[in-house]
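A short worksheet on the structure shown next.
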2 protein chains.
Amino acid sequence: MDRNAPIGVFDSGIGGLTVVREIMRQLPEEKIVYFGDTARLPYGNKSKETVIRFSRQIVRFLKSRGVKAIVVACNTASSYALEEVRKDEDIPVIGVINAGARAAVSATRNGKIGVIGTEGTIKSGTYGAVLREMKPGVEVFGRACPLFVPLVEEGLFHDSVTDEIASRYLSSLKEKYIDTLVLGCTHYPLLRSTVGKIMGDSVTLVNPAYETAVQLRTLLASMEMGNDEGKALPLEEKYQFFVSDLAEKFTDFATAILPDEVKNTVQIDIEEY
Amino acid sequence: MDRNAPIGVFDSGIGGLTVVREIMRQLPEEKIVYFGDTARLPYGNKSKETVIRFSRQIVRFLKSRGVKAIVVACNTASSYALEEVRKDEDIPVIGVINAGARAAVSATRNGKIGVIGTEGTIKSGTYGAVLREMKPGVEVFGRACPLFVPLVEEGLFHDSVTDEIASRYLSSLKEKYIDTLVLGCTHYPLLRSTVGKIMGDSVTLVNPAYETAVQLRTLLASMEMGNDEGKALPLEEKYQFFVSDLAEKFTDFATAILPDEVKNTVQIDIEEY
């Protein structure tokens with residue numbers, strides 16, 4: 001295996017770029033091949049079977065690009081498809097859920113953890129199962145927030161409507177006196193201040209995107225697979241972006257949240273993989 | 001061609017069921033084969049090229065079921081793909097846009113028509129082009145309302161948040177003194193009372209789903225292709241529902257808006273067509 005091969009990262013669309021941003025910050029020497037399934041997004045309200053099928057196609061595509069490890073940067077795909085994908089592959093595959101869960105169990109003091117995410121992520125119960133396995137006895141309270149993604153995509157990060165919707169979604173979690181809340185969807189860190197204001201200072205917010213980059217760094221170090229020549233590469237060679245639908249929104253969002261402008265996004269037909 | 005063959009109807013997901021409902025009401029003798037692309041919904045923010053590719057696959061599927069005519073019950077697909085699909089086919093293909101536009105030009109008195117829809121529908125400019133071709137000199141004002149679909153799918157038909165978002169979206173149209181407003185997305189008739197309240201009694205709301213069923217009835221009559229034995233068929237034989245992702249939401253929404261319970265929804269792999 002080539003230590004200077006890229007990291008493959010995928011998501012249902014654009015949200016996974018929050019994970020890419022963290023990898024760029026924490027592992028500036030690594031090359032990245034990103035795939036966003038913009039033609040078939042969102043995954044959050046689709047069935048397990050469909051999400052597994054889509055994820056397998058994407059993993060085949062990423063492997064065709066010679067990646068040394070894969071990050072499933074989508075909570076829904078991590079919930080539904082991580083185990084399935086992992087058992088087929090000979091390279092490490094990590095998801096956002098384990099990383100987020102690990103941070104949550106170390107943050108909680110009272111053992112009451114909240115998780116917010118898409119319908120798929122919450123219904124799968126994966127966060128709950130992983131959290132309880134890591135720390136038996138924790139109480140986990142999930143809440144689907146299906147309007148958060150469209151609100152973020154409309155740019156309403158700081159808005160009275162977002163405040164109102166967030167208050168409704170979070171009220172059941174406040175009643176449980178959770179002290180830790182996992183932002184279990186890649187779009188949600190962009191609503192961090194709204195969620196923080198409603199939950200109050202006593203609740204720790206966990207961002208799985210950040211934790212995933214930490215885990216990836218540890219993994220590469222332990223395998224001695226960190227890139228040792230990536231720093232000097234020109235950006236276009238270092239970071240490659242692929243999508244299934246070349247909608248402008250991808251480029252706009254990517255440029256808005258990543259440190260450098262994203263110029264060369266390539267569209268591929270993912271259904272061929 | 002068999003006059004007793006079914007009508008094929010398709011949509012990106014569940015919204016096209018509002019068109020099915022109108023066909024059931026206005027043409028109770030017709031058989032229907034519906035396809036909802038629930039694995040790849042929504043189409044509203046995807047590119048023209050992708051929507052054309054998806055639409056062609058679906059038309060191939062519907063033709064494999066022996067349909068005598070096809071209704072494109074999705075405004076985005078009608079905007080982007082109707083002409084492309086129509087030129088490949090030997091059976092009539094009608095879309096929601098022409099039907100809606102025809103009703104709008106006959107309703108307007110002052111020649112100022114508003115159109116609301118998804119980003120794709122509005123950006124394509126198809127409603128404007130069709131309206132101006134039907135009645136040169138009309139002024140057309142479009143407004144994308146991307147949060148309406150998620151709000152409908154959350155069931156917030158009558159809600160203060162929906163009122164607030166609708167007020168923002170519609171304010172630019174009110175300033176133009178339109179007297180007619182096309183509900184240019186299949187979900188929007190479910191927000192009819194909210195939109196009507198904001199726009200006021202002097203604005204006529206046009207529902208393309210209703211108008212499409214009227215146009216289909218006229219078309220079948222003129223071709224002498226109306227079904228003459230459909231009335232007595234058992235419902236499961238008469239109305240067949242296919243989807244690309246068997247999410248519960250489809251069955252729930254179908255049962256909520258159609259007159260009879262939808263029991264036998266069949267999942268197919270649309271990427272094979």
Side-chain angles (χ1 to χ4, degrees), chain A residues 12-14 37-54 57 76 118-120 123 144-156 159-169 243-253 265 267-273, chain B residues 12-14 37-54 57 76 118-120 123 144-156 159-169 243-253 265 267-273:
Chain A
S12 57
I14 59 186
D37 199 358
T38 49
R40 304 188 294 197
L41 66 83
Y43 286 3
N45 50 6
K46 282 159 196 168
S47 69
K48 178 171 184 171
E49 182 191 11
T50 293
V51 172
I52 290 174
R53 187 161 53 84
F54 289 175
Q57 288 174 331
T76 309
T118 64
E119 276 176 52
K123 223 165 61 185
C145 305
L147 283 168
F148 276 2
V149 169
L151 288 166
V152 166
E153 296 196 350
E154 273 277 87
L156 303 180
D159 191 282
S160 61
V161 163
T162 307
D163 290 345
E164 167 65 22
I165 291 290
S167 295
R168 294 186 198 178
Y169 284 151
V243 289
S244 48
D245 178 31
L246 200 55
E248 284 159 31
K249 204 180 239 179
F250 180 82
T251 315
D252 292 350
F253 195 83
T265 304
Q267 184 177 1
I268 58 151
D269 184 357
I270 192 65
E271 291 167 15
E272 281 179 2
Y273 286 87
Chain B
S12 57
I14 59 185
D37 199 359
T38 48
R40 303 188 294 197
L41 67 82
Y43 285 4
N45 49 6
K46 283 160 196 168
S47 70
K48 179 172 183 172
E49 182 191 11
T50 293
V51 172
I52 290 174
R53 186 161 55 84
F54 289 174
Q57 288 174 330
T76 309
T118 63
E119 277 177 49
K123 223 166 61 185
C145 304
L147 283 168
F148 275 3
V149 168
L151 287 167
V152 166
E153 296 195 350
E154 273 279 87
L156 302 180
D159 190 281
S160 61
V161 164
T162 307
D163 290 347
E164 166 65 21
I165 291 290
S167 295
R168 295 186 198 177
Y169 283 152
V243 289
S244 47
D245 179 32
L246 200 55
E248 284 159 31
K249 204 181 239 179
F250 179 83
T251 315
D252 292 349
F253 195 83
T265 304
Q267 184 177 1
I268 58 152
D269 184 357
I270 192 64
E271 291 167 15
E272 283 181 0
Y273 287 87

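Please read all numbers here as calculations on a predicted model, not as lab measurements.
By the neighbour-count criterion of 12 heavy atoms within 6.0 Å, atom CD of E49(A) is sparsely surrounded, having that number or fewer from other residues, nucleotides or ligands.
The closest side-chain heavy-atom distance from I165(B) to E154(A) is not below 4.5 Å. Between E164(B) and E164(A) there is no side-chain heavy-atom pair separated by less than 4.5 Å.
R40(A) and D245(B) are not joined by a salt bridge, as no carboxylate oxygen comes within less than 4.0 angstrom of a charged side-chain nitrogen. Taking 4.0 Å as the cut-off between side-chain N and carboxylate O, R53(A) and E271(B) count as a salt-bridged pair.
Separating the CG atom in D269(A) from the OG1 atom in T50(B) is a distance of 9.0 Å, to the nearest 0.5 Å.
Of all heavy-atom pairs between L41(B) and K46(A), the closest is O-NZ, 2.8 Å.
Top candidate by heavy-atom pairs under 4.5 Å with chain A, chosen from D37(B), L147(B), L246(B), is L147(B). Options S160(A), P42(A), S244(A) differ in how many heavy-atom pairs under 4.5 Å they form with chain B, and the most are formed by P42(A). Of the listed residues (P150(A), P146(A), A39(A), G120(A)), the one with the most heavy-atom contacts under 4.5 Å to chain B is A39(A).
Looking at L156(A), the atoms closer than 4.5 Å to chain B (heavy atoms on both sides) all sit in the side chain, from C-beta outward. Of the atoms belonging to N45(A), heavy atoms from both backbone and side chain fall under 4.5 Å from chain B. When heavy atoms are compared at a cutoff of 4.5 Å, Y43(A) does not approach chain B at all. Of the atoms belonging to Q57(A), it is side-chain heavy atoms, and not backbone ones, that fall under 4.5 Å from chain B.
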